[in-house]
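Inspection log for the structure reproduced underneath, given as structure tokens.
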Amino acid sequence: MNTVGAGALLACLLPALAMAAATPAPNPWLADSSYPLPHGNAAQQDLTPVAGPLGRSRALRSEELDYTHLGPAHFGAFTSGRYPDGRRVLWSNGVNGVYKVDHDSFKVLAHLPPEGAQTEYTPAYADERIAWFDQGTDGFWALTKAFRAASVLRDLSGVYTMLDRDNRFYVGHKSGSIWAYGDAIEGDAGSAIVFKGKYDFPAPVSGNLIGINMTFDGWIIAVTEHGYVIAVSRDLKRSYWVRLLHAEDAEAASTRVGYGWVRNSFAIDEDNNIYIASRDHLHKVVWNGESLSVMRRHGAWSEPYPNGTGEGTGATPSLMGFGDEDRFVVFTDGDVRMNMTLMWRDEIPAGWKKLPGMASHRIAASVPVTMGKLDLKAIQSEQSVVVAGYGALVVNNQPRNEPWYVPERANRLLVSFLGSNPRYQPYGVQKFQWNPRTRTLESAWVAEQISSPNCVPMVSTGSNRVYLIGARDNQWTLEALNWDTGAEDFHYVIGGQRYNSLFAGTLIDEAGRVIYGTPWGRVRLNPRGP
């Protein structure tokens with residue numbers, strides 16, 4: 001059941017406050033669309049103004065599922081602005097290269113395979129592996145299959161990608177470089193994909209590239225797992241770099257894939273300040289158009305946060321508050337039962353008292369994520385906090401059961417390829433609300449019976465709903481919850497293991513249709529009629 005707390009009551013009593021919430025300005029250097037980079041905007045909010053679907057709970061028919069085979073690991077698809085003929089395309093990068101897909105027809109327009117590709121990931125190859133999991137997602141052999149399927153991902157060149165206003169598609173390669181792709185014929189949506197050039201990081205910059213974003217003056221920003229921050233011009237000819245404070249042991253701390261000293265991407269505000277989470281600290285890096293700085297005298301800061309697991313946060317920091325609002329960096333910390341944490345991102349307000357038990361005066365709130373009455377011993381999320389107005393939402397990605405023979409470090413397999421299995425699937429979605437009058441963060445509501453095994457949720461201010469890919473009875477679903485109250489609006493049953501979201505974003509395209517990445521392609525939900 002959903003539990004409604006004081007924050008939900010506040011949202012009902014103060015609708016004018018919610019309606020007046022400011023939103024970040026669009027970055028003029030990114031593609032003019034609702035989804036030009038991971039998490040939707042430079043503030044990393046997973047927010048769109050486009051209205052998502054409204055409906056009734058039912059199973060979608062096969063003709064309502066538009067599926068396109070692309071190959072493994074197309075986690076994100078980034079929407080272009082309009083071409084001269086009015087068309088839009090979706091750009092994505094996966095293990096087997098870069099694709100363009102038509103926004104309206106959902107058909108592949110162009111494909112550029114990676115150099116030296118050894119395996120052709122055909123539809124038949126994918127169907128065989130999908131059938132593995134449709135036959136069963138429980139037991140030792142299912143885990144073995146999950147490990148084999150996940151091993152393909154090690155060939156992925158870059159998870160974090162970005163599309164600019166000139167249809168330049170930037171791919172951050174794990175090797176320490178940024179590659180740019182574009183249209184063979186400028187302005188022609190249907191033309192082939194061509195390689196436009198690359199930028200190799202200079203010595204001593206090291207570590208896998210972890211995140212990518214764009215400043216509001218048009219510079220590409222990238223961060224490596226070893227704590228290096230690099231600013232690169234869009235023509236890939238000029239660059240500046242700086243290293244985060246406290247990064248002396250970053251190389252030694254980055255021995256596990258996905259658990260480096262820096263684990264996630266980062267946010268950028270309209271003043272070109274950059275917010276990055278490392279293993280024990282949250283950092284503000286200042287970009288002035290000519291240099292990057294981590295020095296306090298330039299307005300930068302580096303502050304500790306709770307990290308009981310020793311692994312750091314699993315979340316990309318998000319920004320909350322714009323204009324004259326209270327302004328924060330929002331993230332989940334690294335405690336075993338994580339906390340929703342807010343740090344003041346500008347000057348700490350005069351008279352603000354350091355919160356009891358907190359190592360940093362800059363922490364404005366640190367509230368336990370409980371998931372209501374589920375009484376979970378461990379709660380961790382691999383997703384960025386979803387932010388709209390003063391609301392912040394997080395999902396639980398900790399498997400509900402862990403077989404004794406699965407090492408703790410491998411438990412992500414349980415919520416990835418096996419995430420729909422009732423034995424493993426995690427439960428719980430929780431929203432928090434900042435009260436600017438009392439300067440406190442409160443739990444607004446909890447959806448205890450909603451499961452979000454691995455997707456990145458998306459909130460639509462156009463329909464006042466948060467959408468996520470969930471699971472029921474070992475079938476993948478779309479779940480739509482009321483943003484203000486947490487009440488279930490509806491859910492669609494999508495289907496079996498072909499439709500696993502596998503840590504992809506739950507996107508809403510320009511026509512209001514939900515699209516997301518699957519283990520071997522992308523799917524679009526296209527409901528027709530009641």
[X] vs [Y] side-chain heavy atoms within contact, under 4.5 Å:
X	Y	value
Gln383	Val394	no
Gln398	Arg337	no
His246	His281	yes
Met343	Val330	no
Tyr35	Leu163	no
Thr313	Gln380	no
Asp509	Thr79	no
Arg82	Arg88	yes

Checking side-chain polar atoms at under 3.5 Å, does [X] have a donor or acceptor matched by the opposite partner on [Y]?
X	Y	result
Asn273	Trp287	no
His283	Ser278	yes
Asn526	Asp66	yes
Thr477	His491	no
Thr316	Ser265	no
Ser452	Glu479	no
Asn500	Asn454	yes
Asn482	Asp489	no
Gln497	Trp476	yes
Tyr275	Asp269	yes
Thr215	Asp217	yes
Gln425	Ser420	no

### Task
Evaluate salt bridge (Lys or Arg N to Asp or Glu O under 4.0 Å) for Arg472 paired with Glu488, printing each intermediate quantity in order.
CA-CA 14 Å; Arg472 300 179 184 226; Glu488 181 189 339; 3.4 Å; yes

### Query
Is the number of heavy atoms from other residues, nucleotides or ligands within 6.0 Å of CG (Asp346) greater than 12?
yes

### OG-CE distance between Ser381 and Met338, expressed to the nearest 0.5 angstrom
4.5 Å

### Query
Between CG of Asn264 and CD1 of Ile276, what distance do you get to the nearest 0.5 Å?
11.5 Å

Does [Y] offer a backbone N or O that forms a donor-acceptor pair with the side chain of [X] under 3.5 Å?
X	Y	result
Tyr390	Asp326	yes
Asn213	Ala42	yes
Thr48	Ser460	no
Ser254	Trp261	yes
Gln45	Leu319	yes
His361	Trp352	yes

### Task
Take the angle between the ring planes of Phe169 and Phe78 and call it parallel below 30°, perpendicular above 60°, tilted in between.
tilted

Hey, are [X] and [Y] close enough for a salt bridge, meaning a charged N less than 4.0 Å from a carboxylate O?
X	Y	answer
Glu442	Lys431	no
Arg168	Asp164	no
Glu347	Arg362	no

### Query
If you draw the axis of the six-membered ring of Tyr67, does the NZ or CZ of Arg498 fall within 45° of it and under 6.0 Å from the ring centre?
yes

### Query
Honestly, is Arg513 close enough over Tyr492, meaning NZ or CZ under 6.0 Å from the six-membered ring centre and within 45° of the axis?
no

### Message
Ring centres under 6.0 Å, that's the criterion: do Phe503 and Phe75 meet it?
### Response
no

### Query
Quick check, are the ring centers of Trp344 and Phe328 under 6.0 angstrom apart?
yes

### Task
Please say which of Val523, Leu525, Leu507 ends up in a side chain to side chain contact (heavy atoms under 4.5 Å, CB included) with Ile515.
Leu507

### Query
Could you go step by step and tell me if Arg58 and Glu64 meet the salt bridge (Lys or Arg N to Asp or Glu O under 4.0 Å) rule?
CA-CA 12 Å; Arg58 64 182 179 90; Glu64 297 177 301; 2.8 Å; yes

